[in-house]
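This report refers to the structure that appears directly beneath it.
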There are 2 protein chains.
Amino acid sequence: MTLMKIGEVAKQFNVKADTLRFYEKNGLVGASGRSQSGYRLYNSDDIQRLSFIMRAKAVGFSLADIQDLLSIELDKSNWACADVKNMVDTKLSQIEAKLAELNRFRSSLKSLSDACCGGPDSAEYCSILEALESQNATE
Amino acid sequence: MTLMKIGEVAKQFNVKADTLRFYEKNGLVGASGRSQSGYRLYNSDDIQRLSFIMRAKAVGFSLADIQDLLSIELDKSNWACADVKNMVDTKLSQIEAKLAELNRFRSSLKSLSDACCGGPDSAEYCSILEALESQNATE
DNA sequence: GTTGACCTTTGATTTAAGTCTAAGGTTTAT
DNA sequence: ATAAACCTTAGACTTAAATCAAAGGTCAAC
């Protein structure tokens, strides 16, 4: 089991050590151990948990949402399976909606990029709003 | 051309009138007209612009990002097509990344939901992190 | 054995994105 | 012609999510 100090973890996830302490204070993830001198020591479970948090955050969940999801883990015996399924399905449908919107947006930008010559001419014909307009028309 | 007052627009987009004034103050979108008594009047171009903003926001862009995108529109002639294409492609790749992450996340949650009985058993096997662990293994 | 890069805590500050309050003018319905 | 439901501005407040600052302890290197 490799133990990491806060600075190493911070570097690995590209965040500030402050942010990790903030997450700990807010019950998202902490170091499960300390050195004799009081330094936080993160083990691989902690890292996995943090990794989940970063992924969820990247996908647009708030820290509160993430806490909900993680509470399933911390609190297994207090959750009936049906509750878990329900909550996960709720988050899942949020994701599906987001996915759909993201795809729509992607194709808008894509058509804009395609319409855009990419040359040195002025961007007279590179209108974002026009690109969206044509998209709305086929909706 | 139908002109709308701020309250109608707010209702249509499910935001507060305050939010629209805030967007105006920050140069994202304003009403292009005013009534004699000084009420904001939004025309269909304004609405289209606002619609773009809401979609971009839903997809996770910050207001600053959105301003970048819209600045192309306001300032067309000062942009070279190549610049526009560059910036749009940058945003596009951000979206692609998000899309990929979202898909990964979706399938994690989906496998969790599927594994989850939905019955009265305790959530012993409904741990997000366990589900992700098994997913990571096959990654 | 001291310098510099770490780590600790507590508490204040920042930033983004709203949201609300106060003090008033306008429009609509009765 | 007046109450209710709008609208205006300027400016204060809130919330989430960090980020920073101060004052100090620890550790590796030279």
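A, B, ... follow the sequence lines: proteins, then strands. Residue 1 opens every chain. Keep in mind that this is a model prediction, so the values were computed, not measured.
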Can a donor-acceptor pair be found, under 3.5 Å and without considering hydrogens, that links the side chain of [X] to the backbone of [Y]?
X	Y	result
A:Asn43	A:Asp46	yes
A:Arg49	A:Leu28	yes
A:Gln67	A:Asn26	yes
A:Thr90	A:Asn86	yes

Whole-Å distance between [N] [atom2] and [X] [atom1]?
X	N	atom1	atom2	result
B:Phe22	C:dC20	CZ	P	14 Å
A:Leu41	C:dT8	CG	C1'	13 Å
A:Leu50	D:dA18	CG	P	11 Å
B:Gln67	C:dA17	CD	C1'	13 Å
B:Phe61	C:dA17	CZ	P	13 Å
B:Lys16	D:dC6	NZ	C1'	16 Å
B:Ile6	C:dG25	CD1	C1'	16 Å
A:Tyr42	C:dT8	OH	C1'	12 Å

For [N], does either OP1 or OP2 sit under 4.0 Å from a side-chain N or O belonging to [X]?
X	N	value
B:Lys57	C:dG18	yes
A:Arg34	C:dT9	yes
B:Arg40	D:dC6	no
B:Ser37	C:dT27	yes
A:Arg21	D:dA17	no

Exercise. Which one, D:dA17, C:dT8, D:dT8, comes nearest to the side chain of A:Leu63?
Worked result: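 Nucleotide nearest to A:Leu63's side chain: D:dA17.
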Exercise. Has the side chain of A:Tyr39 got a donor or acceptor atom sitting under 3.5 Å from an opposite partner on the base of D:dG25?
Worked result: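 Such a pair is found, so the answer is yes.
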For this session: Following the transitive rule for hydrophobic clusters with a side-chain heavy-atom cut-off under 4.5 Å over Ile, Leu, Val, Met, Phe, Trp and Tyr, establish whether A:Tyr39 and A:Phe13 coincide in one cluster.
Result: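 The answer is no; the residues belong to distinct hydrophobic clusters.
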Exercise. DNA chain C: B:Thr19 or B:Lys5, which has the more 5' nearest nucleotide?
Worked result: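 Closer to the 5' end of DNA chain C: B:Thr19.
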Exercise. Quick one: on DNA chain C, does B:Ser62 or A:Gly38 contact a more 5' nucleotide (nearest heavy atom)?
Worked result: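 Its nearest nucleotide lies further toward 5', so the answer is A:Gly38.
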Exercise. 5'-most contact on DNA chain D: A:Tyr23 or B:Lys25, nearest heavy atom basis?
Worked result: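 Nearest nucleotide further toward 5': that of B:Lys25.
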